[in-house]
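Both ligands and their constituent atoms are indexed starting at 1 by order of listing. Since the model is a prediction, treat every value here as computed from it, not as a measurement.
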Amino acid sequence: MSTPTTYPVMESFATVQGEGAHTGTPSWFIRLGGCDVGCVWCDVKESWDPNAHPRQTVEDMVADALDSGRHVVVVTGGEPAMYDLSPLTAALKAAGLRTHIETSGAHPLTGDWDWVTLSPKKFKACLPEVYPLAHELKVVVFHRSDLEWAAGHAEHVAAECERFLQPEWDKREENTPLILGWIGQRPGWRISLQTHKYIGIP
Ligand code: SF4
């Protein structure tokens, strides 16, 4: 008998997607442990060490997702693309679930995804091969210079890729007006707010 595929799972929970094009969509989130990107403002630094999180079998992960009643499964991290995600997405799709991922693009992307959120980070470069796979580009704005940095990434994604700027949570008061001014002059860009944080859900 083959060994079941397992992943380090930091947490999994039912919530509502708070960011980007699918804002407001009830979703089951799976946060995989492990990240080597190292963003200074990371709000889930406890995810970085993959050995700090118990491994779960794909079968258990799918069963939990089905139990949640959600039809959309968002795989996030950490940096989930550090792993071969093909077994996970194959099992989720076989169960009739939609597969979404949030990745920095710093690792080759594996798996079968209905929606790819690419959120490149300054701390580890996005691989060129990941840009064309993105359905949405979501750049977190920590500093004013991140606005033009985001525009540079937009040159590499597909024409139909949706583009979002999202104020880093602790900088939202100063950066939200900056973003609003910037997108007002650049058709095709939208603001993404972390609406789950505004309404106090995970
Ligand atoms: S890629 Fe995500 S999890 Fe990793 S350090 Fe950056 S914000 Fe944190």
Throw together a table of side-chain donor-acceptor distances under 3.5 angstrom for residues 56-63, partners on residues two or more places apart or in other chains.
residue: Thr57; atom: OG1; partner: Asp60; partner atom: N; Å: 3.1
residue: Thr57; atom: OG1; partner: Asp60; partner atom: OD2; Å: 3.4

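- Counting protein heavy atoms only, atom 8 (Fe) of ligand 1 is closest to Cys42 SG, 2.3 Å.
- Near Val37, meaning under 4.0 Å from one of its heavy atoms, ligand 1 places the atoms 1 (S).
- Residue Arg55 qualifies as enclosed at atom CZ: its count of foreign heavy atoms under 6.0 Å is above 12.
- Nearest non-hydrogen protein atom to atom 6 (Fe) of ligand 1 is Cys39 SG, 2.3 Å.
- Contact analysis puts Trp48 in contact with ligand 1, with a non-hydrogen atom separation below 4.0 angstrom.
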For residues 129-136, run the donor-acceptor check on the side chains, cut-off 3.5 Å, and write out each pair with its distance to 0.1 Å, sequence neighbours left out.
residue: Tyr131; atom: OH; partner: His153; partner atom: ND1; Å: 2.7
residue: His135; atom: ND1; partner: Val116; partner atom: N; Å: 2.8
residue: Glu136; atom: OE1; partner: Ala21; partner atom: N; Å: 2.8
residue: Glu136; atom: OE2; partner: Trp115; partner atom: NE1; Å: 3.3
residue: Glu136; atom: OE2; partner: Thr117; partner atom: OG1; Å: 2.6

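- Nearest to atom 2 (Fe) of ligand 1 by heavy-atom distance, out of Gly78, Ser104, Ser47, Gly77, is Gly78.
- A donor-acceptor contact shorter than 3.5 Å links the side chain of His53 to the backbone of Glu46.
- In terms of protein heavy-atom proximity, atom 4 (Fe) of ligand 1 is nearest to Cys35 SG, 2.2 Å.
- By the 4.5 Å heavy-atom criterion applied to side chains, Thr99 and Val74 are not counted as neighbours.
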